[in-house]
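Please read these numbers as outputs of a predicted model, since none were measured by experiment. Every chain is numbered from 1 and lettered A, B, ... according to where its sequence line falls, protein lines coming before strand lines. What you see below is based on every heavy atom in this structure, not just the backbone, and it leaves out hydrogens, waters and symmetry mates.
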Protein chains: 2
Amino acid sequence: MSPGQQTTPPTARTTTGRTYRGADRRQRQDERRARLMEAGIETFGTIGYRNATVDRVCAAAGLTKRYFYESFDDSEELLLAVYGRVAEELHTRIVADAEAAAPDIEAQVRAALTALFRTIGDDPRLARIAFVEILAVSGTVDSAWQAVNTAFVDTILQLTQPYLDAADLSETDLEILATGVLGAVVLIAQRWILGERAQPIEALVSNAHTLVMAVVSRVAALD
Amino acid sequence: MSPGQQTTPPTARTTTGRTYRGADRRQRQDERRARLMEAGIETFGTIGYRNATVDRVCAAAGLTKRYFYESFDDSEELLLAVYGRVAEELHTRIVADAEAAAPDIEAQVRAALTALFRTIGDDPRLARIAFVEILAVSGTVDSAWQAVNTAFVDTILQLTQPYLDAADLSETDLEILATGVLGAVVLIAQRWILGERAQPIEALVSNAHTLVMAVVSRVAALD
DNA sequence: TGATATTGACACTGCGGCGTATCAGATGCA
DNA sequence: TGCATCTGATACGCCGCAGTGTCAATATCA
(Lines give C-alpha, C1' and ligand atoms only; values in the text may rest on other atoms or scores of the structure.)
Protein backbone atom coordinates (compact mmCIF):
# COMPACT_ATOMS: atom_id res chain seq x y z
CA MET A 1 0.00 0.00 0.00
CA SER A 2 2.99 2.30 0.30
CA PRO A 3 5.61 1.61 -2.32
CA GLY A 4 6.48 5.27 -2.37
CA GLN A 5 8.59 6.34 0.59
CA GLN A 6 8.70 9.76 2.09
CA THR A 7 12.29 10.21 1.07
CA THR A 8 11.51 13.33 -0.91
CA PRO A 9 9.50 15.77 1.16
CA PRO A 10 10.43 18.68 -1.14
CA THR A 11 8.96 16.78 -4.08
CA ALA A 12 5.87 15.97 -2.07
CA ARG A 13 5.47 19.64 -1.40
CA THR A 14 5.13 20.11 -5.13
CA THR A 15 1.57 18.91 -4.76
CA THR A 16 0.82 22.00 -2.77
CA GLY A 17 2.43 24.24 -5.31
CA ARG A 18 3.25 27.85 -4.97
CA THR A 19 0.97 30.82 -4.80
CA TYR A 20 0.42 32.66 -8.05
CA ARG A 21 -1.35 35.94 -8.54
CA GLY A 22 -2.42 35.84 -4.93
CA ALA A 23 -3.99 32.41 -4.96
CA ASP A 24 -2.56 29.03 -4.07
CA ARG A 25 -2.68 26.06 -6.36
CA ARG A 26 -6.00 24.78 -5.14
CA GLN A 27 -7.70 28.12 -5.39
CA ARG A 28 -6.48 28.69 -8.93
CA GLN A 29 -7.62 25.25 -9.97
CA ASP A 30 -11.02 25.78 -8.44
CA GLU A 31 -11.39 29.10 -10.16
CA ARG A 32 -10.48 27.59 -13.51
CA ARG A 33 -12.99 24.84 -12.98
CA ALA A 34 -15.65 27.39 -12.17
CA ARG A 35 -14.86 29.32 -15.34
CA LEU A 36 -15.14 26.11 -17.34
CA MET A 37 -18.49 25.35 -15.77
CA GLU A 38 -19.77 28.79 -16.67
CA ALA A 39 -18.39 28.36 -20.18
CA GLY A 40 -20.16 25.02 -20.35
CA ILE A 41 -23.48 26.62 -19.45
CA GLU A 42 -22.93 29.29 -22.05
CA THR A 43 -21.81 26.91 -24.77
CA PHE A 44 -24.18 24.00 -24.18
CA GLY A 45 -27.02 26.40 -23.52
CA THR A 46 -26.60 28.37 -26.73
CA ILE A 47 -25.02 26.41 -29.57
CA GLY A 48 -25.84 23.06 -27.93
CA TYR A 49 -23.83 20.12 -26.70
CA ARG A 50 -23.67 18.59 -30.15
CA ASN A 51 -21.84 21.60 -31.55
CA ALA A 52 -19.73 22.23 -28.50
CA THR A 53 -16.11 21.17 -28.87
CA VAL A 54 -13.53 21.24 -26.14
CA ASP A 55 -11.79 24.08 -27.91
CA ARG A 56 -14.96 26.12 -28.09
CA VAL A 57 -15.68 25.67 -24.40
CA CYS A 58 -12.11 26.63 -23.60
CA ALA A 59 -12.36 29.73 -25.76
CA ALA A 60 -15.53 30.72 -23.91
CA ALA A 61 -13.71 30.20 -20.63
CA GLY A 62 -10.63 32.08 -21.76
CA LEU A 63 -8.50 29.04 -21.02
CA THR A 64 -6.68 26.42 -23.03
CA LYS A 65 -7.31 22.72 -23.34
CA ARG A 66 -4.60 22.02 -20.88
CA TYR A 67 -6.78 23.30 -18.07
CA PHE A 68 -9.86 21.64 -19.39
CA TYR A 69 -8.27 18.25 -18.95
CA GLU A 70 -7.01 19.34 -15.58
CA SER A 71 -10.60 19.35 -14.32
CA PHE A 72 -12.52 17.04 -16.65
CA ASP A 73 -11.80 13.81 -18.49
CA ASP A 74 -13.89 14.80 -21.49
CA SER A 75 -16.73 17.07 -22.53
CA GLU A 76 -19.34 14.58 -21.35
CA GLU A 77 -18.02 14.90 -17.83
CA LEU A 78 -18.37 18.65 -18.07
CA LEU A 79 -21.92 18.22 -19.33
CA LEU A 80 -22.77 16.05 -16.35
CA ALA A 81 -21.26 18.55 -13.96
CA VAL A 82 -23.09 21.44 -15.61
CA TYR A 83 -26.35 19.53 -15.69
CA GLY A 84 -26.02 18.64 -12.05
CA ARG A 85 -25.57 22.25 -11.13
CA VAL A 86 -28.42 23.48 -13.30
CA ALA A 87 -30.82 20.84 -12.04
CA GLU A 88 -29.86 21.56 -8.46
CA GLU A 89 -30.38 25.27 -8.94
CA LEU A 90 -33.81 24.77 -10.45
CA HIS A 91 -34.76 22.32 -7.75
CA THR A 92 -33.53 24.54 -4.96
CA ARG A 93 -35.36 27.61 -6.15
CA ILE A 94 -38.60 25.78 -6.80
CA VAL A 95 -38.62 24.03 -3.46
CA ALA A 96 -37.63 27.15 -1.57
CA ASP A 97 -40.42 29.23 -3.07
CA ALA A 98 -42.93 26.44 -2.69
CA GLU A 99 -42.12 25.95 0.97
CA ALA A 100 -42.25 29.65 1.60
CA ALA A 101 -45.83 29.63 0.37
CA ALA A 102 -46.92 26.77 2.63
CA PRO A 103 -49.32 25.56 3.76
CA ASP A 104 -51.79 26.61 1.06
CA ILE A 105 -51.39 24.04 -1.69
CA GLU A 106 -52.66 26.33 -4.41
CA ALA A 107 -50.22 29.02 -3.41
CA GLN A 108 -47.44 26.49 -3.23
CA VAL A 109 -48.07 25.19 -6.71
CA ARG A 110 -48.27 28.71 -8.04
CA ALA A 111 -45.04 29.65 -6.31
CA ALA A 112 -43.25 26.60 -7.62
CA LEU A 113 -44.38 27.19 -11.18
CA THR A 114 -43.57 30.86 -11.01
CA ALA A 115 -40.09 30.08 -9.74
CA LEU A 116 -39.52 27.65 -12.60
CA PHE A 117 -40.75 29.83 -15.43
CA ARG A 118 -39.08 32.93 -14.02
CA THR A 119 -35.76 31.16 -13.74
CA ILE A 120 -35.72 29.75 -17.23
CA GLY A 121 -37.20 32.94 -18.61
CA ASP A 122 -34.33 34.91 -17.12
CA ASP A 123 -31.79 32.42 -18.44
CA PRO A 124 -33.04 30.21 -21.26
CA ARG A 125 -29.68 28.49 -21.36
CA LEU A 126 -30.66 26.63 -18.21
CA ALA A 127 -33.84 25.34 -19.80
CA ARG A 128 -32.07 24.25 -22.91
CA ILE A 129 -29.53 22.31 -20.89
CA ALA A 130 -32.01 20.83 -18.44
CA PHE A 131 -34.77 19.93 -20.87
CA VAL A 132 -33.22 19.50 -24.29
CA GLU A 133 -29.48 19.05 -24.53
CA ILE A 134 -29.35 16.44 -21.83
CA LEU A 135 -31.31 13.91 -23.86
CA ALA A 136 -29.85 11.29 -26.18
CA VAL A 137 -26.21 11.85 -25.33
CA SER A 138 -25.17 8.55 -23.77
CA GLY A 139 -26.28 5.93 -21.34
CA THR A 140 -24.48 7.66 -18.51
CA VAL A 141 -26.16 10.97 -19.22
CA ASP A 142 -29.51 9.26 -19.59
CA SER A 143 -29.07 7.85 -16.12
CA ALA A 144 -28.38 11.28 -14.74
CA TRP A 145 -31.50 12.58 -16.43
CA GLN A 146 -33.52 9.73 -14.98
CA ALA A 147 -32.15 10.44 -11.54
CA VAL A 148 -33.05 14.10 -11.74
CA ASN A 149 -36.55 13.26 -12.91
CA THR A 150 -36.91 10.87 -10.03
CA ALA A 151 -35.86 13.61 -7.65
CA PHE A 152 -38.46 15.99 -9.04
CA VAL A 153 -41.13 13.32 -8.96
CA ASP A 154 -40.29 12.67 -5.33
CA THR A 155 -40.47 16.37 -4.59
CA ILE A 156 -43.87 16.62 -6.20
CA LEU A 157 -45.07 13.71 -4.12
CA GLN A 158 -43.68 15.23 -0.94
CA LEU A 159 -45.26 18.60 -1.57
CA THR A 160 -48.64 17.07 -2.27
CA GLN A 161 -48.32 14.37 0.35
CA PRO A 162 -50.69 16.01 2.85
CA TYR A 163 -53.42 16.09 0.26
CA LEU A 164 -52.99 12.59 -1.02
CA ASP A 165 -53.24 10.66 2.20
CA ALA A 166 -56.84 9.80 1.59
CA ALA A 167 -56.16 8.51 -1.90
CA ASP A 168 -56.04 4.78 -2.10
CA LEU A 169 -53.51 4.79 -4.87
CA SER A 170 -50.43 2.63 -4.91
CA GLU A 171 -46.97 4.07 -4.78
CA THR A 172 -46.57 3.15 -8.45
CA ASP A 173 -49.74 4.98 -9.43
CA LEU A 174 -48.67 8.09 -7.59
CA GLU A 175 -45.28 8.00 -9.26
CA ILE A 176 -46.80 7.73 -12.70
CA LEU A 177 -49.16 10.59 -11.98
CA ALA A 178 -46.35 12.74 -10.64
CA THR A 179 -44.31 11.89 -13.70
CA GLY A 180 -47.18 13.10 -15.82
CA VAL A 181 -47.43 16.34 -13.93
CA LEU A 182 -43.71 16.89 -14.29
CA GLY A 183 -43.92 16.12 -18.00
CA ALA A 184 -46.72 18.59 -18.47
CA VAL A 185 -44.68 21.39 -16.97
CA VAL A 186 -41.55 20.35 -18.84
CA LEU A 187 -43.18 20.30 -22.26
CA ILE A 188 -44.85 23.63 -21.65
CA ALA A 189 -41.42 24.98 -20.78
CA GLN A 190 -39.75 23.32 -23.74
CA ARG A 191 -42.16 24.71 -26.27
CA TRP A 192 -41.97 28.10 -24.67
CA ILE A 193 -38.19 28.17 -24.97
CA LEU A 194 -37.90 26.63 -28.41
CA GLY A 195 -40.59 28.93 -29.69
CA GLU A 196 -39.99 32.62 -29.31
CA ARG A 197 -41.36 32.74 -25.79
CA ALA A 198 -44.50 34.22 -27.24
CA GLN A 199 -46.75 33.72 -24.23
CA PRO A 200 -46.36 35.81 -21.09
CA ILE A 201 -45.16 34.02 -18.00
CA GLU A 202 -48.49 34.61 -16.30
CA ALA A 203 -50.29 32.57 -18.93
CA LEU A 204 -47.88 29.68 -18.46
CA VAL A 205 -48.15 29.77 -14.70
CA SER A 206 -51.89 30.10 -14.78
CA ASN A 207 -52.54 27.19 -17.11
CA ALA A 208 -49.92 24.94 -15.59
CA HIS A 209 -51.48 25.73 -12.25
CA THR A 210 -54.90 24.76 -13.57
CA LEU A 211 -53.53 21.50 -14.84
CA VAL A 212 -51.64 20.57 -11.71
CA MET A 213 -54.50 21.45 -9.40
CA ALA A 214 -56.93 19.53 -11.55
CA VAL A 215 -54.87 16.41 -11.02
CA VAL A 216 -54.30 17.00 -7.33
CA SER A 217 -57.98 17.66 -6.74
CA ARG A 218 -59.05 14.64 -8.66
CA VAL A 219 -56.66 12.37 -6.84
CA ALA A 220 -57.38 13.82 -3.45
CA ALA A 221 -61.10 13.50 -3.99
CA LEU A 222 -60.84 9.97 -5.21
CA ASP A 223 -63.44 9.04 -7.74
CA MET B 1 -34.82 28.94 -67.54
CA SER B 2 -33.86 26.37 -70.17
CA PRO B 3 -30.16 26.37 -70.95
CA GLY B 4 -30.34 22.65 -71.60
CA GLN B 5 -31.86 21.73 -74.91
CA GLN B 6 -33.61 18.52 -75.80
CA THR B 7 -30.95 17.64 -78.32
CA THR B 8 -30.26 14.27 -76.73
CA PRO B 9 -33.43 12.24 -76.30
CA PRO B 10 -31.45 8.98 -75.96
CA THR B 11 -29.59 10.48 -73.03
CA ALA B 12 -32.85 11.66 -71.56
CA ARG B 13 -34.11 8.12 -71.78
CA THR B 14 -31.29 7.17 -69.43
CA THR B 15 -33.42 8.64 -66.68
CA THR B 16 -35.86 5.84 -67.19
CA GLY B 17 -33.17 3.22 -67.09
CA ARG B 18 -33.49 -0.43 -67.74
CA THR B 19 -35.28 -3.09 -65.74
CA TYR B 20 -33.12 -5.10 -63.40
CA ARG B 21 -34.14 -8.16 -61.42
CA GLY B 22 -37.69 -7.64 -62.57
CA ALA B 23 -38.01 -4.04 -61.46
CA ASP B 24 -37.51 -0.81 -63.34
CA ARG B 25 -35.25 1.94 -62.22
CA ARG B 26 -37.86 3.77 -60.19
CA GLN B 27 -39.05 0.66 -58.39
CA ARG B 28 -35.53 -0.34 -57.43
CA GLN B 29 -34.78 3.13 -56.14
CA ASP B 30 -37.96 3.20 -54.10
CA GLU B 31 -37.19 -0.18 -52.63
CA ARG B 32 -33.69 0.94 -51.67
CA ARG B 33 -35.10 4.04 -50.07
CA ALA B 34 -37.55 1.93 -48.12
CA ARG B 35 -34.75 -0.32 -46.90
CA LEU B 36 -32.78 2.72 -45.81
CA MET B 37 -35.77 4.06 -43.92
CA GLU B 38 -36.19 0.77 -42.11
CA ALA B 39 -32.46 0.72 -41.38
CA GLY B 40 -32.79 4.26 -40.05
CA ILE B 41 -35.54 3.20 -37.66
CA GLU B 42 -33.44 0.29 -36.51
CA THR B 43 -30.23 2.27 -36.12
CA PHE B 44 -31.60 5.52 -34.69
CA GLY B 45 -33.98 3.57 -32.50
CA THR B 46 -31.35 1.32 -30.95
CA ILE B 47 -27.87 2.83 -30.87
CA GLY B 48 -29.21 6.36 -31.32
CA TYR B 49 -28.75 9.10 -33.86
CA ARG B 50 -25.58 10.30 -32.24
CA ASN B 51 -23.85 6.96 -32.79
CA ALA B 52 -25.39 6.32 -36.17
CA THR B 53 -23.01 6.85 -39.06
CA VAL B 54 -23.91 6.65 -42.70
CA ASP B 55 -21.88 3.48 -42.98
CA ARG B 56 -23.72 1.87 -40.09
CA VAL B 57 -27.12 2.69 -41.53
CA CYS B 58 -26.02 1.31 -44.88
CA ALA B 59 -24.77 -1.87 -43.27
CA ALA B 60 -28.14 -2.28 -41.56
CA ALA B 61 -29.85 -1.76 -44.90
CA GLY B 62 -27.53 -4.12 -46.72
CA LEU B 63 -26.59 -1.35 -49.12
CA THR B 64 -23.59 0.83 -49.73
CA LYS B 65 -23.13 4.53 -49.29
CA ARG B 66 -23.63 5.06 -52.96
CA TYR B 67 -27.34 4.31 -52.58
CA PHE B 68 -27.64 6.28 -49.40
CA TYR B 69 -26.68 9.45 -51.23
CA GLU B 70 -28.98 8.44 -54.04
CA SER B 71 -31.94 9.03 -51.72
CA PHE B 72 -30.70 11.41 -49.01
CA ASP B 73 -28.33 14.34 -48.84
CA ASP B 74 -27.07 13.41 -45.40
CA SER B 75 -28.03 11.49 -42.29
CA GLU B 76 -30.06 14.38 -40.94
CA GLU B 77 -32.33 14.16 -43.96
CA LEU B 78 -32.85 10.49 -43.25
CA LEU B 79 -33.63 11.30 -39.64
CA LEU B 80 -36.27 13.78 -40.71
CA ALA B 81 -37.81 11.27 -43.10
CA VAL B 82 -37.81 8.56 -40.45
CA TYR B 83 -39.22 10.88 -37.84
CA GLY B 84 -41.96 11.99 -40.15
CA ARG B 85 -42.99 8.43 -40.77
CA VAL B 86 -42.86 7.44 -37.11
CA ALA B 87 -44.82 10.47 -35.99
CA GLU B 88 -47.39 9.90 -38.68
CA GLU B 89 -47.80 6.28 -37.72
CA LEU B 90 -48.29 7.13 -34.06
CA HIS B 91 -50.71 9.88 -34.92
CA THR B 92 -52.70 7.72 -37.30
CA ARG B 93 -53.09 4.85 -34.89
CA ILE B 94 -54.03 7.06 -31.97
CA VAL B 95 -56.58 9.05 -33.89
CA ALA B 96 -58.08 5.96 -35.52
CA ASP B 97 -58.59 4.18 -32.22
CA ALA B 98 -59.86 7.31 -30.54
CA GLU B 99 -62.42 7.97 -33.24
CA ALA B 100 -63.53 4.37 -33.19
CA ALA B 101 -64.40 4.80 -29.53
CA ALA B 102 -66.47 7.94 -30.06
CA PRO B 103 -68.54 9.56 -28.76
CA ASP B 104 -67.73 8.65 -25.15
CA ILE B 105 -64.87 10.93 -24.18
CA GLU B 106 -63.60 8.63 -21.46
CA ALA B 107 -63.49 5.71 -23.85
CA GLN B 108 -61.82 7.85 -26.48
CA VAL B 109 -59.07 8.95 -24.15
CA ARG B 110 -58.54 5.39 -23.00
CA ALA B 111 -58.41 4.15 -26.57
CA ALA B 112 -55.93 6.82 -27.59
CA LEU B 113 -53.64 6.13 -24.64
CA THR B 114 -53.86 2.39 -25.15
CA ALA B 115 -52.96 2.78 -28.81
CA LEU B 116 -49.93 4.88 -27.91
CA PHE B 117 -48.52 2.68 -25.18
CA ARG B 118 -49.24 -0.50 -27.12
CA THR B 119 -47.47 0.82 -30.17
CA ILE B 120 -44.34 1.94 -28.41
CA GLY B 121 -44.41 -1.12 -26.19
CA ASP B 122 -44.40 -3.34 -29.25
CA ASP B 123 -41.60 -1.32 -30.83
CA PRO B 124 -39.60 0.82 -28.42
CA ARG B 125 -37.49 2.06 -31.29
CA LEU B 126 -40.39 4.26 -32.33
CA ALA B 127 -40.58 5.84 -28.91
CA ARG B 128 -36.88 6.43 -28.76
CA ILE B 129 -36.95 8.17 -32.12
CA ALA B 130 -40.11 10.15 -31.51
CA PHE B 131 -39.43 11.25 -27.94
CA VAL B 132 -35.68 11.19 -27.40
CA GLU B 133 -33.42 11.10 -30.42
CA ILE B 134 -35.25 13.87 -32.20
CA LEU B 135 -34.25 16.47 -29.65
CA ALA B 136 -31.17 18.68 -29.78
CA VAL B 137 -30.02 17.71 -33.26
CA SER B 138 -30.31 20.94 -35.21
CA GLY B 139 -32.58 23.87 -35.80
CA THR B 140 -34.22 22.13 -38.72
CA VAL B 141 -34.98 19.03 -36.70
CA ASP B 142 -36.21 21.15 -33.82
CA SER B 143 -38.68 22.76 -36.18
CA ALA B 144 -39.95 19.37 -37.27
CA TRP B 145 -40.38 18.39 -33.63
CA GLN B 146 -42.27 21.59 -32.96
CA ALA B 147 -44.52 20.96 -35.94
CA VAL B 148 -45.33 17.44 -34.78
CA ASN B 149 -46.09 18.67 -31.29
CA THR B 150 -48.37 21.30 -32.73
CA ALA B 151 -50.17 18.63 -34.71
CA PHE B 152 -50.72 16.53 -31.59
CA VAL B 153 -51.86 19.53 -29.61
CA ASP B 154 -54.35 20.34 -32.34
CA THR B 155 -55.57 16.77 -32.32
CA ILE B 156 -56.07 16.86 -28.57
CA LEU B 157 -58.04 20.06 -28.92
CA GLN B 158 -60.17 18.62 -31.70
CA LEU B 159 -60.95 15.47 -29.77
CA THR B 160 -61.95 17.38 -26.69
CA GLN B 161 -63.62 20.22 -28.57
CA PRO B 162 -67.20 19.09 -27.84
CA TYR B 163 -66.49 19.20 -24.13
CA LEU B 164 -64.70 22.51 -24.04
CA ASP B 165 -67.25 24.70 -25.74
CA ALA B 166 -68.54 25.97 -22.48
CA ALA B 167 -65.10 26.87 -21.22
CA ASP B 168 -64.35 30.54 -21.51
CA LEU B 169 -60.69 29.96 -22.13
CA SER B 170 -58.72 31.68 -24.83
CA GLU B 171 -57.15 29.79 -27.69
CA THR B 172 -53.77 30.36 -26.10
CA ASP B 173 -54.89 28.94 -22.79
CA LEU B 174 -56.29 25.84 -24.45
CA GLU B 175 -53.07 25.34 -26.37
CA ILE B 176 -50.97 25.55 -23.25
CA LEU B 177 -53.23 23.11 -21.46
CA ALA B 178 -53.14 20.69 -24.37
CA THR B 179 -49.38 21.03 -24.48
CA GLY B 180 -49.29 20.08 -20.85
CA VAL B 181 -51.47 17.04 -21.42
CA LEU B 182 -49.25 15.97 -24.28
CA GLY B 183 -46.15 16.47 -22.15
CA ALA B 184 -47.59 14.38 -19.38
CA VAL B 185 -48.15 11.45 -21.69
CA VAL B 186 -44.77 11.90 -23.37
CA LEU B 187 -42.78 11.92 -20.15
CA ILE B 188 -44.62 8.90 -18.84
CA ALA B 189 -43.72 7.17 -22.07
CA GLN B 190 -40.12 8.36 -21.97
CA ARG B 191 -39.49 7.12 -18.48
CA TRP B 192 -41.19 3.86 -19.26
CA ILE B 193 -38.94 3.27 -22.25
CA LEU B 194 -35.69 4.50 -20.75
CA GLY B 195 -36.37 2.48 -17.63
CA GLU B 196 -36.87 -1.22 -18.06
CA ARG B 197 -40.56 -0.87 -18.83
CA ALA B 198 -41.23 -2.00 -15.31
CA GLN B 199 -44.86 -0.98 -15.11
CA PRO B 200 -47.58 -2.88 -16.96
CA ILE B 201 -49.29 -1.02 -19.77
CA GLU B 202 -52.55 -1.03 -17.88
CA ALA B 203 -51.03 1.04 -15.10
CA LEU B 204 -49.74 3.59 -17.57
CA VAL B 205 -53.04 3.83 -19.39
CA SER B 206 -55.01 4.01 -16.20
CA ASN B 207 -53.00 6.78 -14.62
CA ALA B 208 -52.57 8.78 -17.79
CA HIS B 209 -56.30 8.48 -18.23
CA THR B 210 -56.89 9.78 -14.74
CA LEU B 211 -54.64 12.72 -15.44
CA VAL B 212 -56.14 13.62 -18.79
CA MET B 213 -59.71 13.31 -17.58
CA ALA B 214 -58.94 15.39 -14.52
CA VAL B 215 -57.86 18.22 -16.78
CA VAL B 216 -60.72 17.84 -19.22
CA SER B 217 -63.26 17.73 -16.40
CA ARG B 218 -61.81 20.73 -14.69
CA VAL B 219 -61.75 22.78 -17.84
CA ALA B 220 -65.19 21.70 -18.99
CA ALA B 221 -66.69 22.44 -15.59
CA LEU B 222 -65.05 25.85 -15.35
CA ASP B 223 -64.29 26.84 -11.82
C1' DT C 1 19.12 38.44 -9.37
C1' DG C 2 18.89 33.61 -10.52
C1' DA C 3 16.34 29.27 -10.21
C1' DT C 4 11.84 27.19 -10.53
C1' DA C 5 7.08 26.76 -11.07
C1' DT C 6 3.22 28.31 -13.76
C1' DT C 7 0.96 29.86 -17.67
C1' DG C 8 -0.68 30.30 -22.47
C1' DA C 9 -0.08 29.65 -27.25
C1' DC C 10 0.46 26.51 -30.58
C1' DA C 11 2.20 22.32 -32.98
C1' DC C 12 1.49 17.60 -33.60
C1' DT C 13 -0.40 12.85 -34.01
C1' DG C 14 -4.11 9.81 -34.50
C1' DC C 15 -8.77 8.55 -35.28
C1' DG C 16 -13.07 8.39 -37.47
C1' DG C 17 -16.46 9.82 -40.42
C1' DC C 18 -18.08 12.10 -44.78
C1' DG C 19 -18.56 12.24 -49.52
C1' DT C 20 -16.58 10.79 -54.06
C1' DA C 21 -14.23 7.89 -57.27
C1' DT C 22 -12.78 3.57 -59.20
C1' DC C 23 -13.32 -1.08 -60.92
C1' DA C 24 -14.56 -5.75 -61.58
C1' DG C 25 -18.45 -8.69 -61.85
C1' DA C 26 -23.40 -9.39 -62.58
C1' DT C 27 -27.54 -8.48 -65.32
C1' DG C 28 -30.35 -7.15 -69.18
C1' DC C 29 -30.92 -5.81 -74.05
C1' DA C 30 -30.19 -6.04 -79.18
C1' DT D 1 -22.99 -13.37 -77.96
C1' DG D 2 -21.38 -8.73 -77.42
C1' DC D 3 -22.37 -4.25 -75.53
C1' DA D 4 -24.33 -1.08 -72.17
C1' DT D 5 -25.99 -0.56 -67.72
C1' DC D 6 -26.35 -1.63 -63.00
C1' DT D 7 -24.45 -3.19 -58.79
C1' DG D 8 -21.49 -3.78 -54.77
C1' DA D 9 -17.13 -3.57 -52.72
C1' DT D 10 -13.52 -0.91 -51.67
C1' DA D 11 -10.16 2.78 -52.02
C1' DC D 12 -9.21 7.52 -51.51
C1' DG D 13 -8.86 12.45 -50.04
C1' DC D 14 -10.47 15.55 -46.90
C1' DC D 15 -11.66 17.68 -42.63
C1' DG D 16 -12.55 18.33 -37.76
C1' DC D 17 -11.74 17.14 -33.34
C1' DA D 18 -9.55 14.75 -29.22
C1' DG D 19 -5.81 14.47 -26.49
C1' DT D 20 -0.69 15.21 -25.83
C1' DG D 21 3.62 17.55 -26.25
C1' DT D 22 6.72 21.58 -26.76
C1' DC D 23 8.46 26.05 -25.73
C1' DA D 24 8.92 30.76 -24.70
C1' DA D 25 7.15 34.26 -21.58
C1' DT D 26 5.75 35.42 -16.93
C1' DA D 27 5.40 35.33 -11.95
C1' DT D 28 7.15 33.76 -7.52
C1' DC D 29 10.51 32.51 -4.18
C1' DA D 30 15.27 32.17 -2.18
State whether A:T64 places a side-chain N or O below 4.0 Å from either non-bridging phosphate oxygen (OP1 or OP2) of C:dC10.
no

Contact between A:L135 and B:F131 at the side-chain level, heavy atoms closer than 4.5 Å - yes or no?
no

Is the distance from OP1 or OP2 of D:dT7 to the nearest side-chain N or O of B:R28 less than 4.0 Å?
yes

Tell me: CD of B:E70 to P of C:dT20, nearest whole Å?
13 Å

Determine whether B:T179 and B:N149 make a side-chain contact, defined as any pair of heavy atoms from C-beta on separated by less than 4.5 Å.
no

When all nucleic acid strands are considered with a 4.0 Å heavy-atom cut-off, which category describes B:T19: base, sugar-phosphate, or nothing?
sugar-phosphate

Euclidean distance, A:R35 CZ relative to A:R32 CZ, rounded to 0.5 Å:
9.0 Å

For atom CD of A:E31 and atom C1' of C:dT6, their distance in whole Å:
14 Å

In whole Å, I'd like the distance from the CZ atom of B:R56 to the C1' atom of C:dC18.
14 Å

Using whole Å, report how far CG of B:L78 lies from P of C:dC18.
12 Å

Please give, in whole Å, the distance from C:dG16 C1' to B:N51 CG?
13 Å

Rounded distance (Å) that lies between atom P of C:dT6 and atom CZ of A:R32
9 Å

To the nearest Å, how far apart are A:L79 CG and D:dA18 P?
14 Å

Would you say A:L159 and A:V95 make side-chain contact, with heavy atoms under 4.5 Å?
no

So which protein N/O to nucleotides 20-26 of chain D N/O distances come out below 3.5 Å?
from	atom 1	to	atom 2	distance (Å)
D:dT26	O2	A:Y20	OH	3.0

Counting just side-chain N and O atoms, does A:T53 come under 4.0 Å of either OP1 or OP2 of D:dG16?
no

Side-chain heavy atoms of A:F72 within contact of A:M37, under 4.5 Å
yes

Residue closer to the 5' end of DNA chain C, B:A52 versus A:L63 (nearest nucleotide)
A:L63

Test item: B:Q27 and B:D24 side chains (from C-beta on) under 4.5 Å apart, heavy atoms:
yes

Suppose we call a contact any N or O donor and acceptor under 3.5 Å apart; does that hold for the side chain of A:R18 and the base of C:dT4?
yes

Is it the case that the side chain of B:R110 and the backbone of B:V205 share a donor-acceptor pair, with hydrogens and angles ignored and the cut-off at 3.5 Å?
no

Rounded to whole Å, the CZ-P distance (A:R25 to C:dT4) equals 17 Å

